[in-house]
Amino acid sequence: DGGVHGILVQLPLPAHIDEAAVINAIAEARAHGDLKENAEYHAAREKQGFIEGRIKDLIIRGGENIYPKEIESVLAAVDELEETSNVADATWAALAEHLVERVAGRPFEHYLQEALWRPLGMHRSLFRRDVPASLAADVARAHTFVSGRLQAQPLEQVVVASSGSLLTTAPDMARFMLLHLRGGEVDGQRPLREDTLRRMHERHFTHDARLSGWAHGFMEFHLQGQRLIGHTGDAYGFSSLLALRPGRGWGLFVSYNGLGEHNAAQGARMELLRELLARDFPPPSPPPASRPASSVERFAGGYQTTWR
């Protein structure tokens, strides 16, 4: 944590960006007439392009929902950034990947192999951009309907390893789930400290306290009276769901290698989750309704139909 914090607070933000001066220089260069041969104009435009690219890079690397919070404070200190925007999962996951590589001093995938996959016994997990020939035949393929028939689709490549590019198996995912359900220890191996998992599992953001929010990389689900953490995934023709109930040793992972008609797989995975929760966490029976005796005594007696 200390190493990551050190990287965060030393992000290469510019000491100053005099964007107003560049805009004035462009306006002054325009006043000289023909822009085709105007060196001052092209120099100012080039500098503006650099500044805009740098600011864009900063915005991509930060946002109000990026964790940890140090990123927000670093960005807030940059006068030229009027606001930061919420970014997609892939963006902050890419930032996390970059930080891990900087702190660990080796590629992200190599670090995961040494620190997580091998200790957990996840021997058939890797990233899409590097599929060995020995495993290629076992890779599941997405299927879509084409002219009324299912057709297998080619395996798509993903550039960002940390976001949506993991190839794994059900047994490997089960071991990853056990890591989170058993306090960070599986078969005598402890890749993660218990307090680290606790911080990962707790809520870090929500738009309103009454709504589900986000843990550290995990979505929150509130179903059947239970707080679950996990994630959905819809990409490359697959529809997946991971749901965990920390503290109760309960989890579900399901992945469909086809979206189905009208994206039916999205509904199917949630229907499956609700049915399993209803089975394993049935709500308590409501207490029998009690009415004061006086309210029903007047209805006691014999009755006969009014039909003749």
Side-chain angles (χ1 to χ4, degrees), residues 67 89-90 92-93 96-97 100 108-109 111-128 135 138-140 158 161-204 212-236 238-257 265-282:
Y67 307 105
D89 292 2
W92 66 258
E97 176 184 341
V100 170
F108 181 67
E109 182 172 0
Y111 177 79
L112 281 185
Q113 288 174 342
E114 298 172 12
L116 191 66
W117 295 345
R118 287 175 187 167
L120 286 178
M122 297 174 61
H123 301 302
R124 290 170 64 85
S125 296
L126 62 155
F127 289 120
R128 292 175 184 260
L135 297 178
D138 295 335
V139 175
V158 182
S162 58
S163 180
S165 62
L166 178 68
L167 281 174
T168 189
T169 63
D172 276 13
M173 278 300 300
R175 301 191 71 80
F176 176 79
M177 294 163 70
L178 289 174
L179 172 75
H180 288 275
L181 297 173
R182 294 181 177 177
E185 183 175 350
V186 179
D187 296 339
Q189 298 292 322
R190 179 174 287 281
L192 295 176
R193 299 193 306 268
E194 191 168 0
D195 65 311
T196 299
L197 283 181
R198 177 184 56 77
R199 292 164 62 189
M200 292 177 67
H201 294 172
E202 67 187 15
R203 174 185 287 182
H204 291 279
S212 297
W214 281 87
H216 195 79
F218 291 110
M219 299 174 176
E220 278 188 323
F221 305 92
H222 288 89
L223 298 169
Q224 200 69 23
Q226 305 295 317
R227 176 187 179 263
L228 310 172
I229 59 171
H231 214 294
T232 57
D234 296 284
Y236 322 112
F238 286 78
S239 185
S240 306
L241 168 67
L242 169 68
L244 301 169
R245 176 59 173 89
R248 299 295 295 270
W250 190 96
L252 168 68
F253 174 71
V254 60
S255 185
Y256 299 87
N257 65 334
Q266 293 181 352
R269 66 190 180 192
M270 296 307 297
E271 182 179 348
L272 174 63
L273 176 60
R274 290 189 179 93
E275 290 293 328
L276 291 176
L277 288 173
R279 183 197 68 183
D280 297 336
F281 302 101

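Start at 1 with the first residue, then count along the sequence.
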Going from [atom1] on [X] to [atom2] on [Y], what distance comes out if it is rounded to the nearest 0.5 angstrom?
| X | Y | atom1 | atom2 | answer |
| --- | --- | --- | --- | --- |
| Met122 | Phe176 | CE | CZ | 7.0 Å |
| Leu242 | Met177 | CG | CE | 5.5 Å |
| Glu97 | Leu112 | CD | CG | 9.0 Å |
| Arg199 | Leu197 | CZ | CG | 11.0 Å |
| Ile229 | His216 | CD1 | NE2 | 11.5 Å |
| Glu185 | Leu179 | CD | CG | 10.0 Å |

For the residue pair [X] and [Y], what are the closest heavy atoms and their distance?
| X | Y | answer |
| --- | --- | --- |
| Phe238 | Ala140 | CZ-O, 3.6 Å |
| Ala115 | Pro191 | O-CB, 3.4 Å |
| His201 | Ala215 | O-CB, 3.5 Å |
| Val186 | Arg175 | CG1-NH2, 3.6 Å |
| His180 | Leu244 | CB-CD1, 3.8 Å |
| Gly251 | Leu181 | N-CD1, 4.1 Å |

Should we count CD of Glu114 as having more than 12 external heavy atoms under 6.0 Å?
-> yes
Within 6.0 angstrom of Phe253 CZ, more than 12 heavy atoms from elsewhere = yes
Side chains of [X] and [Y]: does their closest heavy-atom pair fall under 4.5 Å?
| X | Y | result |
| --- | --- | --- |
| Gln266 | Thr232 | no |
| Phe221 | Leu277 | no |
| Leu120 | Gln189 | no |

Examine distances only and state if a side-chain atom of Glu220 and a backbone atom of Gly213 form a donor-acceptor pair shorter than 3.5 Å.
-> yes
Would you find a donor on one side and an acceptor on the other, under 3.5 Å apart, between the side chain of Arg190 and the backbone of Gly183?
-> yes
List for me each residue that meets side chain to side chain contact (heavy atoms under 4.5 Å, CB included) alongside Arg245, sequence neighbours excluded, and say none if there are none.
->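 By the side chain to side chain contact (heavy atoms under 4.5 Å, CB included) rule, Arg245 matches Gln226, Leu228, Arg248, Trp250, Phe281.
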What class does the angle between the rings of Trp214 and His231 fall in, given that below 30° is parallel, 30 to 60° is tilted and above 60° is perpendicular?
->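 Rings of Trp214 and His231: perpendicular, over 60°.
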Among all residues two or more places apart in sequence or in another chain, which pass the salt bridge (Lys or Arg N to Asp or Glu O under 4.0 Å) test with Glu202?
-> Arg198
